[in-house]
There are 2 protein chains.
Amino acid sequence: MTIQEAARRSGLSAHTLRYYERIGLIHSVGRNSSGHRDYAEEDLRWLEFLTRLRTTGMPIAEMCRYAELRRRGPHTADERRELLESHRERVSSRIAQLTQDLKVLDYKIDNYREGRQS
Amino acid sequence: MTIQEAARRSGLSAHTLRYYERIGLIHSVGRNSSGHRDYAEEDLRWLEFLTRLRTTGMPIAEMCRYAELRRRGPHTADERRELLESHRERVSSRIAQLTQDLKVLDYKIDNYREGRQS
DNA sequence: GTCACCCTTCGAGTGCGCTCCAAGTCAAAT
DNA sequence: ATTTGACTTGGAGCGCACTCGAAGGGTGAC
């Protein structure tokens, strides 16, 4: 599929797709006879996972590290798992923190609702 | 209290405190006889709240808007409440999204633990 | 008094994650 | 044959939220 289709389906811009490829996040997207990118379904699944890492706050550099491990083959599986586990902890803490913050916001809003300046 | 003390207690850097004041997030911190900033307890409470807005992802521009409404006085309370309510929704959605993402991460990690490449 | 040190302002610089531009290629439509 | 439009690359630019540097001033210890 073309870069525009891949952009539409992944929710990323074509600019971003090229950028991701340039920095090594996506490896060797196929090209058609005229040198244009030709994305496969597997590329889209990988993009979807990358996007999930991004939206959960993983820095690009760390995503690159994960991508590189993946390219190196099955013997890097332990290292990849560890990377995901430590990210998992970050996400989990973030949820806990946001839940706390939400309570404070609710308290503030309640004060406003009851006409107390806060 | 000095800017260094305020920095230590707020967890922000002295640079950031000056920056926040410059862009109008903090209004008129007192000065001592030599022109140095002299933070009051109330400033710290305000900084704590600002920090909570920041860590929950409110853009600086919106925080400035809130700060300005606050300076304008009690008749802006409704508008401030609305601003907080809409932010509250953002935070709430973010928590829901992260909770979803956490499940996917757990699924991935489980796959790795059971030796499936994923 | 002079040294060290923290403060002041203003403006420039940084890092991240894109986002866009210029110059050129290619394929299909007219 | 030419126009249109999407694609290619490499590199420059941008927005955000800081972060730092330069130049100068005040205060306290020796």
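Not measured: the values here are computed from a predicted model. Only this structure's heavy atoms are used, side chains among them; waters, hydrogens and symmetry mates stay out.
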query: Between E21(B) and R31(B), is there a salt bridge with N-O shorter than 4.0 Å?
result: yes
- prompt: Is the closest side-chain donor-acceptor distance between H87(B) and T56(B) under 3.5 Å?
  reply: yes
- prompt: Charged N to carboxylate O below 4.0 Å: is that the case for E89(A) and R94(A)?
  reply: no
- prompt: Going by heavy atoms closer than 4.0 Å, what residues in residues 43-61 of chain A are next to DNA chain C?
  reply: R54(A), P59(A), I60(A)
statement: What one should report as the nearest heavy-atom pair of P59(A) and R90(A) is CD-NH2, 4.1 Å
message: Between P on dC6(C) and OH on Y39(B), what's the gap in Å once rounded to a whole number?
response: 16 Å
- prompt: Which heavy-atom pair separates D43(B) from D38(B) by the least distance, and what is that distance?
  reply: OD2-O, 4.5 Å
- prompt: Does any donor atom in the side chain of T76(B) or R80(B) lie under 3.5 Å from an acceptor atom in the other side chain?
  reply: yes
- prompt: Do the charged groups of E48(A) and K108(B) touch, with an N to O distance under 4.0 Å?
  reply: no
Close approaches to DNA chain D from residues 12-36 of chain B, in residue order (heavy atom, under 4.0 Å): H15(B), T16(B), Y19(B), Y20(B), R22(B), S34(B)
- request: Round to the nearest Å and state the distance from E62(A) atom CD to dG17(C) atom P.
  value: 11 Å
query: In whole angstrom, what separates D38(B)'s CG from dT27(D)'s P?
result: 14 Å
query: Any chance the rings of Y107(A) and Y112(A) have centres within less than 6.0 Å?
result: no
- prompt: Is R37(A) near enough to dT8(D) that one of its side-chain N or O atoms lies under 4.0 angstrom from OP1 or OP2?
  reply: yes
- prompt: So does Q4(B) get a side-chain nitrogen or oxygen closer than 4.0 Å to the phosphate oxygens (OP1/OP2) of dC6(C)?
  reply: no
